[in-house]
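Following: one structure in structure tokens, then a few remarks.
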Amino acid sequence: MLINRLFSIIIVLALILIVTTPSSTNAHVQDIDLYSESAILIDQSSGEVLYDKSSQQQMYPASITKIITGIIAIEQGELDDKVTISEGATEVIGTSVYLLEDEEVELRKLVKGMLINSGNDASAAIAEHIAGSEEGFAELMNEFVNDVVGVSDTNFTNPHGLFDGNQYTTASDMAKITQYAMANEKFRDIVAMTEFEWETEGWETTIYNHHQMVRQYDEVTGVKNGFVRKSGYTLVTTATHVDDQIDLVVVTLNSPSANHAYNDTRKLIDYGFDNFETNKLEEGEVLFDENGQEYELEEPLYFTSETDNNWEKEIDDGGMLSVFNEEEEVLLEKQLKTQEELNKEPDPKDAQMAMGTANQSDVGINIVFWIGMTLLVTLITGVILFIRKRRKRDWFFR
């Protein structure tokens with residue numbers, strides 16, 4: 001039948017488009033055998049996804065929750081503050097740094113006790129100090145990851161990761177949260193610590209980083225492990241190549257054991273180190289298009305390429321920078337501004353006019369879209385009526 005033939009042609013054309021669409025860096029991912037139910041590997045600088053296994057699946061985070069608690073404490077708290085420990089904080093179950101009611105502990109020390117020794121009591125004390133309660137801090141956590149980090153498949157109900165059916169995340173979101181946190185030098189310094197001398201009223205000892213790989217491998221720079229029965233073993237890890245070739249973020253969720261989580265992470269780190277490198281275009285670099293128009297980079301630009309795979313950059317006459325590899329796969333696209341545009345001070349009238357122009361443009365695009373849709377529907381209807389008339393029978397709804 002004619003309609004069936006037309007449908008077949010459309011499917012064939014769609015498949016051709018899919019096959020001929022340029023691939024991204026992660027198109028060359030190997031089949032890595034992992035025990036973790038969900039996992040992701042990204043380039044910490046560029047954010048490029050290098051390996052993905054069900055990374056959008058919502059999972060329970062356990063103590064990797066403390067990554068977001070830590071970065072909020074560092075960015076929104078005063079680390080020199082003295083925190084008075086409440087009775088409620090001392091009663092939180094699970095891993096502890098043995099805080100005592102009414103003792104005063106520096107916020108900086110609490111963050112270390114939480115991120116290094118995974119103290120749930122320290123997490124609760126941090127939350128109460130910053131937001132007044134764990135519930136208030138959970139609201140702050142969700143606002144932070146949504147509005148500041150820019151992830152949307154994560155929800156927190158507590159600061160420490162003890163199980164709650166409504167506390168969930170994804171490997172993809174945790175990788176982005178970690179990428180954000182590791183951009184903070186104070187956070188990086190704390191999660192890289194292998195040990196710390198802990199002295200409070202209730203406990204004097206040396207605490208050791210619960211993330212075993214931080215203690216075992218020089219290239220591992222952080223960050224946090226976790227476990228509760230319903231989440232399985234969760235692990236977030238960052239690693240830097242010995243030659244500064246690439247910085248990686250690895251997230252594995254719901255591993256059947258700690259060893260499985262660490263082994264999966266080791267596989268992904270090795271895969272990233274062996275196959276990829278980060279490239280950087282420096283802030284302030286001046287580039288020219290084929291007509292000699294000058295452009296300047298307002299910020300450093302990072303992109304990921306395969307190791308030993310050459311890349312080139314070019315700028316079209318509209319200022320669009322494209323970086324592509326030997327297979328002509330696009331690694332980076334960025335709209336640049338001319339020197340004249342960069343030097344021009346913004347005028348409120350110009351901004352208002354630009355907004356009006358943009359709105360008019362949107363209206364124009366919508367009008368053209370609906371006119372096109374109307375014509376398409378009319379054409380299809382005409383074809384159907386024509387075929388029905390010739391066949392003299394109603395086969396379309398059969």
Side-chain angles (χ1 to χ4, degrees), residues 61-152 154-164 166-169 173-174 176-191 193 196 198-203 207 210 222-224 226 236:
S63 279
I64 61 175
T65 296
K66 296 180 173 83
I67 293 173
I68 193 64
T69 302
I71 189 61
I72 290 176
I74 290 169
E75 290 196 353
Q76 299 192 12
E78 294 293 335
L79 293 180
D80 293 330
D81 280 357
K82 294 292 185 179
V83 178
T84 301
I85 307 303
S86 71
E87 179 183 6
T90 67
E91 294 176 344
V92 178
I93 63 173
T95 309
S96 176
V97 288
Y98 303 103
L99 300 173
L100 300 181
E101 183 181 356
D102 292 331
E103 75 169 313
E104 292 187 345
V105 182
E106 188 181 57
L107 179 60
R108 179 182 288 100
K109 178 176 283 189
L110 291 174
V111 173
K112 291 178 180 179
M114 177 185 66
L115 290 174
I116 299 171
N117 198 68
S118 203
N120 290 340
D121 50 354
S123 303
I126 290 168
E128 292 172 356
H129 177 72
I130 292 178
S133 67
E134 287 194 23
E135 294 76 17
F137 190 77
E139 293 180 11
L140 176 59
M141 294 169 77
N142 291 323
E143 291 174 2
F144 191 89
V145 296
N146 291 333
D147 300 338
V148 179
V149 181
V151 300
S152 57
T154 292
N155 187 68
F156 294 112
T157 60
N158 65 60
H160 34 63
L162 289 174
F163 179 76
D164 185 304
N166 200 37
Q167 176 144 308
Y168 55 82
T169 189
D173 278 10
M174 281 309 306
K176 293 173 184 175
I177 290 169
T178 303
Q179 181 187 24
Y180 177 91
M182 290 297 286
N184 184 293
E185 183 178 359
K186 293 177 182 177
F187 182 92
R188 286 200 313 272
D189 289 344
I190 292 174
V191 297
M193 298 179 72
F196 178 68
W198 183 266
E199 294 183 12
T200 55
E201 292 180 17
W203 201 30
I207 58 175
H210 281 206
V223 287
K224 191 71 189 75
V236 177

Find the distance between [atom1] ([X]) and [atom2] ([Y]) and round it off to the nearest 0.5 Å.
{"X": "K109", "Y": "I116", "atom1": "NZ", "atom2": "CD1", "result": "11.5 Å"}
{"X": "H160", "Y": "T95", "atom1": "NE2", "atom2": "OG1", "result": "11.5 Å"}
{"X": "L162", "Y": "S63", "atom1": "CG", "atom2": "OG", "result": "7.0 Å"}
{"X": "E75", "Y": "I130", "atom1": "CD", "atom2": "CD1", "result": "11.0 Å"}
{"X": "M174", "Y": "T154", "atom1": "CE", "atom2": "OG1", "result": "7.5 Å"}
{"X": "H210", "Y": "N117", "atom1": "NE2", "atom2": "CG", "result": "3.5 Å"}

Restricting to non-hydrogen atoms, name the atom on [X] and the atom on [Y] that form the minimum distance, rounded to 0.1 Å.
{"X": "L107", "Y": "A73", "result": "CD2-O, 4.2 Å"}
{"X": "K66", "Y": "S123", "result": "CE-OG, 3.3 Å"}
{"X": "A125", "Y": "L110", "result": "CB-CD1, 4.1 Å"}
{"X": "Y168", "Y": "P61", "result": "CA-CD, 4.0 Å"}
{"X": "Y180", "Y": "V148", "result": "OH-CG1, 3.4 Å"}
{"X": "A62", "Y": "G226", "result": "CB-C, 3.9 Å"}

Donor-acceptor check, side chain of [X] to backbone of [Y], threshold 3.5 angstrom: yes or no?
{"X": "T200", "Y": "L99", "value": "no"}
{"X": "E201", "Y": "E103", "value": "no"}
{"X": "N142", "Y": "F156", "value": "yes"}
{"X": "Q167", "Y": "D164", "value": "no"}

Greater than 12 external heavy atoms within 6.0 Å of [X]'s [atom1]:
{"X": "K186", "atom1": "NZ", "answer": "no"}
{"X": "E101", "atom1": "CD", "answer": "yes"}
{"X": "E78", "atom1": "CD", "answer": "no"}

Any heavy-atom pair between the side chains of [Y] and [X] that's under 4.5 Å?
{"X": "L79", "Y": "E106", "value": "no"}
{"X": "V111", "Y": "I126", "value": "yes"}
{"X": "F196", "Y": "I190", "value": "no"}
{"X": "D121", "Y": "T90", "value": "no"}
{"X": "M182", "Y": "V191", "value": "yes"}

Report yes or no: do N166 and T157 form a side-chain donor-acceptor pair below 3.5 Å? no

T65 and K224: side-chain donor and acceptor closer than 3.5 Å? no

Residue from V151, N155, I71 passing side chain to side chain contact (heavy atoms under 4.5 Å, CB included) with V145: V151

